[in-house]
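Sequence lines set the chain letters: A, B, ... in the order given, protein chains first and strands last, and positions in each chain run from 1.
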There are 2 protein chains.
Amino acid sequence: MVRPEETGGGSAPARGREATRARILESARELFTSEGYGAVSSRMIAAHAGVNVALINRYFGAKRGLLTEILREDGVFPGLISGDPGTLTRRLAEHAVGRLYGEGTALQRALDHSSGDPELQAVYEGRLKSAMLEPLSAYLGGDEAPVHASLVAAVLLGLTRVRLIEGATALRAHDRARLTDRVQALLDLCLADFETEDE
Amino acid sequence: MVRPEETGGGSAPARGREATRARILESARELFTSEGYGAVSSRMIAAHAGVNVALINRYFGAKRGLLTEILREDGVFPGLISGDPGTLTRRLAEHAVGRLYGEGTALQRALDHSSGDPELQAVYEGRLKSAMLEPLSAYLGGDEAPVHASLVAAVLLGLTRVRLIEGATALRAHDRARLTDRVQALLDLCLADFETEDE
DNA sequence: GGTATATGTAAACGCTGTTGACCTGTCAAA
DNA sequence: TTTGACAGGTCAACAGCGTTTACATATACC
């Protein structure tokens, strides 16, 4: 009796492998979103997925492997660093303010919120480097590009951090617009040529 | 036989209490500095201090209590938010850049480095609120003060974070001066009156 | 003396992430 | 049909963590 069950190929891609993997991943995403990375244990994920704990490490190496997988799908600052350079800072400011004070993904907010976890940090920072600093630096070009990119990243990351510290204060539309303008101005200053008028 | 041993008072200040407390605190400070908060366990601190583990919780409530105590002594941005308002941003910029790219305390650097720990985060953020956001806001005064303070904090925190992500790149004196100027300009912009020229 | 009260100790609790040994069902070849 | 290989899944254990509880001990007061 061959169990057909969506095994189209004839070789040996296994029966439950992909399904189980997906189930674990989905459970992890849900729990990370609702509870935060640090507050979710391997056993919680396993229980939620109806799966044995050992399978998490079998399929993802370790708990952080889950996060790496999730972050890869749900990119950080996706697709903003491209297009018209003239409006780059505007787009970044709008995205940042929107994400922090408006319509950010629940997952994004959850990951931002636990962005300090020592475990998460390595993954998060790796993503940020490869998805923000490096492309932005390449996008800007020139000798000063790395510094400019770092400053931009600093402003954006700092906003996230302060936002977390201050808590979830809602912002009226008008104040949000003002904040966005101010952030854009800061980003513009980060990117501006900047000649110190000293000797 | 009364053990004199610096027990001047006659009531009941105990014999080993202060000494033990101090020993634990000193061990914690050393280990946090050299290893980072998350990498140091209660048992490591106890062993280093030559003391039973339970005493840590007896004297400091919990591991985070040690950190609270250490942070209270070694303030964050100590004494900068006062004096001539005209040079405030200069002082902050110099302090921040100096701390991150120059002569910061080893402990400061270590705590910055583990500033993401979920446990540490609460303490760290509490300190930052009470030692940075609130005094700065009060210092600036006015309706917009909280927003300005938040932006300043964002820039300073963001610099820390990016610095950690990028790693310990040494900066030549000239580049450090340029960075300081740029940061000061950003801080000035954070504090500037900012009228959006829309309708 | 006796006795209350600090101070220090040993052992455990429940939790974490992770791993190794063990079943179990499916498939291919003999 | 019997045999073997093997992927998929389970179970129990490991060492470590922060923390707590019950206990021993030394000190200080009456």
### Query
Mapping B/Arg23 and A/Ile56 to their closest nucleotides on DNA chain C, which lands nearer the 5' end?
B/Arg23
Roughly, in whole Å, what's the span from [atom1] in [X] to [atom2] in [N]?
X	N	atom1	atom2	answer
A/Glu18	D/dA7	CD	P	15 Å
A/Leu31	C/dG17	CG	P	12 Å
A/Leu55	C/dT24	CG	C1'	14 Å
A/Arg17	C/dC27	CZ	P	17 Å
B/Arg21	C/dA6	CZ	C1'	15 Å
A/Asn57	C/dG17	CG	C1'	7 Å
A/Glu35	C/dT16	CD	P	13 Å
B/Lys63	C/dT16	NZ	P	17 Å

### Task
Please list, chain by chain and in numerical order, all residues satisfying salt bridge (Lys or Arg N to Asp or Glu O under 4.0 Å) with B/Arg176, sequence neighbours excluded.
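Scan of B/Arg176 (salt bridge (Lys or Arg N to Asp or Glu O under 4.0 Å), adjacent residues dropped) gives B/Glu103.
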#### Entry: Near-strand residues of residues 41-53 of chain A, defined as heavy-atom separation under 4.0 angstrom from DNA chain D
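A/Arg43, A/Asn52 - these, ordered by number, are the residues of the stretch whose heavy atoms sit under 4.0 Å from the strand.
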### Task
Run through A/Asp84, A/Asp181, A/Thr180 and flag the one making a side chain to side chain donor-acceptor pair (under 3.5 Å) with A/Arg90.
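Testing each of A/Asp84, A/Asp181, A/Thr180 against A/Arg90, the sole residue satisfying side chain to side chain donor-acceptor pair (under 3.5 Å) is A/Asp181.
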SB check [X] [Y] (cutoff 4.0 Å):
X	Y	value
B/Arg72	B/Glu69	yes
B/Arg91	B/Glu94	no
B/Arg29	B/Glu26	yes

Check nucleotides 20-23 of chain C against the protein and report each pair of N or O atoms closer than 3.5 Å, with its distance, or say if there are none.
none

### Message
Is there a side-chain contact between B/Leu156 and B/Val152 in this structure, where contact means two heavy atoms from C-beta onward sitting under 4.5 Å apart?
### Response
yes
### Task
Report which part of the nucleic acid B/Tyr59 touches: base, sugar-phosphate, or nothing (heavy-atom distance under 4.0 Å, all strands).
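Since only primed, P, OP1 and OP2 atoms lie under 4.0 Å of B/Tyr59, the category is sugar-phosphate.
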### Qualifying side chain to side chain donor-acceptor pair (under 3.5 Å) pairs, either residue in residues 142-159 of chain A, two or more places apart
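For residues 142-159 of chain A: A/Glu144-B/Arg178, A/His148-B/Arg182, A/Ser150-B/Glu166.
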### Query
What residues, two or more places apart in sequence or in another chain, satisfy side-chain hydrogen bond (donor to acceptor under 3.5 Å, both in side chains) together with A/Asp188?
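Listed in chain order: A/Thr89.
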### Task
For A/Ser27, enumerate each residue passing the side-chain hydrogen bond (donor to acceptor under 3.5 Å, both in side chains) test, keeping only those at least two apart in sequence or located in another chain.
A/His48
